[in-house]
Protein chains: 2
Amino acid sequence: MGATYRALCKHGYASLRMQDIADESTKSKAALHYHYESKHDLLVAFLEHLYEQFEDDIGADCGDDPATRLVTFVEERLTPRGDGQKEFQTALLEIKAQAPYDEAYRERLAEFDRLVFDRLRSMLQTGIDRGVVDDEIDPEDTAAFLVEHINGAQIRHVTVDASLGAARNRLRTYLTEQVLTGSEAAGSGE
Amino acid sequence: MGATYRALCKHGYASLRMQDIADESTKSKAALHYHYESKHDLLVAFLEHLYEQFEDDIGADCGDDPATRLVTFVEERLTPRGDGQKEFQTALLEIKAQAPYDEAYRERLAEFDRLVFDRLRSMLQTGIDRGVVDDEIDPEDTAAFLVEHINGAQIRHVTVDASLGAARNRLRTYLTEQVLTGSEAAGSGE
């Protein structure tokens, strides 16, 4: 899975060959083919692996205050992590662009979308219950709005090289001014 | 250009061949190759053609009230037009996903992005001047926020089949509640 990540960063999705993945690993191309019939099957397994990692990651504790947790969660979606992040986002966008033609990709991507949506909705509901999120917002609508927005900021960063930091600031402003109720929304301190 | 549109809707971008475009037109593949050296060159010309059309279209008159003009403009970005719209958006997403690897695509897509951004910024400024847009918003930041959001709603519609109508309603609510000042923001009447 690590080799697949590195190969995607280096070659992108469209021109990726099983040999490129083998070159990044200690396994031969034949050994890869023993486990995965095609590049497609390997990438579906890779998306499943990413999903599991992502599920573990976003369960990670980021404090008890629901306003800070919400802001941190949203900002993390728009914060590059480590080397090759932009290259990887680029390859992931290629996979997203194939999703309409490919049910297995589409199902995996829908799982990611659903997970982020569910987390946001539940954080917004907790925030309303604790009085730090404006109780006039609809948690479902606002969660969907945030998922759309995160998607758009990512794609705009990758396709026309728009600043991810500026997008993060704009979305933080949206959260503090339109979603959160008060000064609890001081942001993640970064 | 019409043949390219139809061929993209039918075959998508990745598997598109010059022959597929010739099949949709009255020209032979050889005739296409006479004008365009490769599929890439033809698609760059196609993006330029789309841009010119788009520039004409979005100059179209939609009334004098700046609030209605803003809401209409934003909603039109999230309203399917005619047959094959989703298929075409899908093919366009494939081209967007290639942009990081392809300067000619990237430049053309950046022109679209810039045009939408400039129009939004100028409509927001006019709205502030005429008192229908909240003068506490920054036209530049809000225009960028809207461009990101439109991108995200489009990609989510194409990749995980999220409802475009629901996204349009959410964005209209954002405009009427957070950007426009009052009841002038009655929407486009659809």
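Letters go in sequence order (proteins before strands), and every chain restarts at 1.
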Quiz prompt | Plane angle bin for A:H149 and B:H149 - parallel if under 30°, tilted between 30 and 60°, otherwise perpendicular | solution = tilted

Quiz item: Taking every heavy-atom pair that is under 4.5 Å apart, which of A:E94, A:R114, A:E87, A:H157 has the most such pairs with chain B?
Solution: A:E94

Quiz item: Is it the side chain or the backbone of A:R156 that comes within 4.5 Å of chain B heavy atoms, both, or neither?
Solution: side chain

Self-check item: A:L109, part contacting chain B, at a heavy-atom distance under 4.5 Å
Solution: both

Self-check item: Face-on cation placement of A:R77 at A:F73 ring, 6.0 Å and 45° thresholds
Solution: yes

Exercise. Nearest 0.5 Å please: distance from the CG atom of A:L70 over to the CZ atom of A:R119.
Key: 13.0 Å

Exercise. Name the option with the most non-hydrogen atom pairs under 4.5 Å to chain A; the candidates are B:A91, B:A167, B:A162, B:A166.
Key: B:A167

Quiz item: Does a salt bridge link A:D20 with A:K39, judged by any charged N lying under 4.0 Å from a carboxylate O?
Solution: no

Quiz item: Looking at B:D141, B:T173, B:I95, which makes the most heavy-atom pairs under 4.5 Å with chain A?
Solution: B:D141

Quiz item: Checking heavy atoms, do the side chain of B:A14, its backbone, both or neither come under 4.5 Å from chain A?
Solution: side chain

Quiz prompt | Contact origin within B:Q98 toward chain A - heavy atom pairs under 4.5 Å | solution = side chain

Self-check item: Separation of A:T181 OG1 from A:D135 CG (nearest 0.5 Å)
Solution: 9.0 Å

Quiz item: A:F112 pairs by ring pair (Phe, Tyr, Trp, His ring centres under 6.0 Å) with which of A:F54, A:F117, A:Y105?
Solution: A:F54

Quiz item: Between A:D113 and chain B, which part of the residue has a heavy atom less than 4.5 Å away: side chain, backbone, both or neither?
Solution: side chain

